[in-house]
Amino acid sequence: MVSTQAKKSPVKRSVQKAGAAVTVDAFLNLKQPKGDMLLLIGGTHVSLTSLERVYWPAEKITKFDLLCYYLRVSEFMLPFLQDRPAILQRWPRGINAPMFFQQDLESAPDFIKTVRLTNQEGRELNYAVYTTAASLLHFVNLGTIEQHPWHSTIKKLSKPDWIAIDLDPKKAPWENVLATALTVKAVCDELGMKSFPKTSGSSGLHIYLPLKPRNDYESIAEFARLLASEVAHRIPKIATVERSLAKRQPQQVYVDSMQNARGKSLAAVFTARAKPGATVSMPLTWKQVERGVKIADFDIRNVPRLLDKNKEAWTDFFKNRQALKLP
């Protein structure tokens, strides 16, 4: 349980030296830069370091490449991050080196917003908060390859504004993931609720339902549980809500509703994943799901070029906030 009370943060503040900074356009046009650099974005100076560091060795993708990716998609991604606490998963040495979680932000530049919350153990933590593209780039510079926001904003921390269903295949064939996703959509359609699919960027699909932030996490979690159970009931041969992998059939997709709890998160829309191929969690239309979209279709190298072609996906997500229909 995390307290919803925001308190003044004692985070140690560092000062960004406003030396010779490069603009966003100039940064994006650089060719294999090395060392450190100061970027000017939105009137904010962001310190970027070790640009030549290789994050995906097999693909020869560097930290600079990742920063460029987030710069190019930030306009589309920020609505799903803004004003949400961040669960920082840091890979400072790349995807083949150890990762660590950071929820307590001990120091940060002045432009980084934090909120002081109390965790389950009663410990007060300084959570980083996504605000602007500058904040996103700062977190990425720390080695936060993936972006994991809360399901609620700091304005209404106890009231999530979406439900997330994670379709986890493990050993199940991909066609079963697609069929399960379409069953989730069918159930939502019958309930009169709009649903939005995306690739997880890892192994499965995520399905989100935008909400008006009126219900607490407990109510949201119960609704998600009932939704997942109904899906598994309709297609028991290929879908299950059984958490134990040992108790599942190999062809069954796990319909996971357990992430709809305060302080939990799923990979954000458009986030890069710390996986082979530098895949991306890509927003989709239901037509793409019906046509058999694949995880490998989207990575940080091709997604910026696909934004115009894919602009129908999720553009009206927040325009479709809906009241939760509790049983």
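- Both Y217 and L324 are assigned to one and the same hydrophobic cluster, defined by single-linkage of ILVMFWY side chains at heavy-atom distances under 4.5 Å.
- When all heavy atoms are compared, the tightest approach of I41 to A133 is CD1-CB, 3.6 Å.
- Ring pair W314/F317 is parallel by interplanar angle, where below 30° counts as parallel and above 60° as perpendicular.
- Atoms CG and CZ, on D299 and R273 in that order, are 14.0 Å from each other to the nearest 0.5 Å.
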Side chain to side chain contact (heavy atoms under 4.5 Å, CB included) evaluation trace for F139 with I112: CA-CA 9 Å; F139 301 146; I112 296 298; 4.0 Å; yes
Can you list the steps and then say if I295 with S200 is a side chain to side chain contact (heavy atoms under 4.5 Å, CB included)? CA-CA 8 Å; I295 297 287; S200 70; 4.1 Å; yes
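- The ring of W150 has its center closer than 6.0 angstrom to the ring center of Y127.
- At distances below 3.5 Å, not a single donor-acceptor pair connects side-chain atoms of W286 with backbone N or O atoms of L182.
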Run N141 and K63 through side chain to side chain contact (heavy atoms under 4.5 Å, CB included) and show every step you take. CA-CA 8 Å; N141 187 65; K63 183 178 183 179; 3.0 Å; yes
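- For E312, the CD atom counts as loosely surrounded, since its 6.0 Å shell holds 12 or fewer non-hydrogen atoms of other residues, nucleotides or ligands.
- One hydrophobic cluster, built from ILVMFWY side chains closer than 4.5 Å, cannot hold both M37 and L40; they sit in different ones.
- Using modelled atom types, no side-chain atom of E230 and backbone atom of L227 make a donor-acceptor pair closer than 3.5 Å.
- Seen from the ring of Y254, R243 does not count as a face-on cation partner, given the 6.0 Å and 45° thresholds.
- With rounding to the nearest 0.5 angstrom, the CZ atom of R53 is 4.0 Å from the CZ atom of R93.
- Between P85 and L157, the closest side-chain pair of non-hydrogen atoms falls below 4.5 Å.
- Using modelled atom types and a 3.5 Å distance limit, the side chains of N176 and Q252 yield no donor-acceptor pair.
- Distance alone, capped at 3.5 Å, places no donor-acceptor pair between the T180 side chain and the A239 backbone.
- A salt bridge between R84 and D161 is present, with a side-chain N of the basic residue lying under 4.0 Å from a carboxylate O of the acidic one.
- Both F318 and M77 are assigned to one and the same hydrophobic cluster, defined by single-linkage of ILVMFWY side chains at heavy-atom distances under 4.5 Å.
- When all heavy atoms are compared, the tightest approach of H45 to F111 is O-CE2, 3.5 Å.
- No side-chain heavy atom of S152 sits less than 4.5 Å from a side-chain heavy atom of S158.
- When the shell of 6.0 Å around CZ of R214 is examined, it contains 12 or fewer heavy atoms from other residues, nucleotides or ligands.
- Under a hydrophobic clustering in which Ile, Leu, Val, Met, Phe, Trp and Tyr are joined whenever their side-chain heavy atoms come within less than 4.5 Å, directly or via other members, L105 and F100 fall into different clusters.
- A donor-acceptor pair is defined here as one N or O able to donate and one able to accept, closer than 3.5 Å; no such pair exists between the side chain of S257 and the backbone of A228.
- You'll find the side chain of R301 reaches within 4.5 Å of the side chain of E59, heavy atoms only.
- Nearest heavy atom pair, residue D65 against residue T62, reads OD2-N, 2.9 Å.
- Using a 4.5 Å heavy-atom cutoff, the side chains of V187 and R234 are in contact.
- Formation of a donor-acceptor pair under 3.5 Å by the R262 side chain with backbone atoms of P160 is not found in this model.
- Aromatic ring centres of Y70 and F270: separated by at least 6.0 Å.
- Between the side chain of D216 and the backbone N or O of S219, at least one donor-acceptor pair lies under 3.5 Å.
- No more than 12 heavy atoms of other residues, nucleotides or ligands sit less than 6.0 Å from atom CD of E75.
- Residues Y55 and N96 are not in side-chain contact: their nearest non-hydrogen atoms beyond the backbone lie 4.5 Å or more apart.
- Side chain of N126 to backbone of T114: no donor-acceptor contact under 3.5 angstrom is found.
- Look at K170 and D168 and you find a salt bridge, because one of the NZ, NE, NH1 or NH2 atoms lies within 4.0 Å of a carboxylate O, short of that distance.
- In this structure, N310 CG and Q288 CD are separated by 4.5 Å, a value rounded to the nearest 0.5 Å.
- Checked for salt-bridge contact, K159 and E218 miss the test: no charged N lies under 4.0 Å from a carboxylate O.
- At least one donor-acceptor pair closer than 3.5 Å links the side chain of T183 to the backbone N or O of A179.
- Residues R248 and E242 are not paired through a salt bridge, judged by the lack of any N-O separation under 4.0 Å between the basic side chain and the carboxylate.
- The two atoms that bring A272 and I300 nearest to each other are CB-CG2, 3.7 Å, heavy atoms only.
- Contact detail for T153 and Q82: the closest heavy-atom pair is CG2-O, 4.2 Å.
- For the atom pair I207 CD1 and K198 NZ, the distance stands at 11.0 Å (nearest 0.5 Å).
- At distances below 3.5 Å, at least one donor-acceptor pair connects side-chain atoms of H151 with backbone N or O atoms of Q259.
- No option in F80, F196, W162 other than W162 meets the ring pair (Phe, Tyr, Trp, His ring centres under 6.0 Å) test with Y208.
- Atoms CG and CG, from D104 and L125 in turn, are 4.5 Å apart once rounded to the nearest 0.5 Å.
- Cluster membership for W91 and V54, using ILVMFWY side-chain heavy atoms within less than 4.5 angstrom, is not shared.
- Between the side chain of E52 and the backbone N or O of P33 there is no donor-acceptor pair closer than 3.5 Å.
- Of the listed residues (R321, K194, Q322), just one forms a side chain to side chain contact (heavy atoms under 4.5 Å, CB included) with L209, and that residue is Q322.
- Interatomic distance, CG of L205 versus CG of L284, reported as 7.0 Å (0.5 Å rounding).
- Contact annotation: the side chain of R72 never approaches that of V303 to less than 4.5 Å [non-hydrogen atoms, C-beta and beyond].
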Evaluate L88 against Q103 for side chain to side chain contact (heavy atoms under 4.5 Å, CB included), listing each step before the verdict. CA-CA 6 Å; L88 303 180; Q103 292 178 317; over 6 Å; no
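- You'll find the side chain of L66 reaches within 4.5 Å of the side chain of V140, heavy atoms only.
- Nearest heavy atom pair, residue I145 against residue I95, reads CD1-CG2, 3.8 Å.
- By the 4.5 Å heavy-atom criterion applied to side chains, V73 and Y69 are counted as neighbours.
- Between K287 and E290 no salt bridge is recorded (no basic side-chain N to carboxylate O distance below 4.0 Å).
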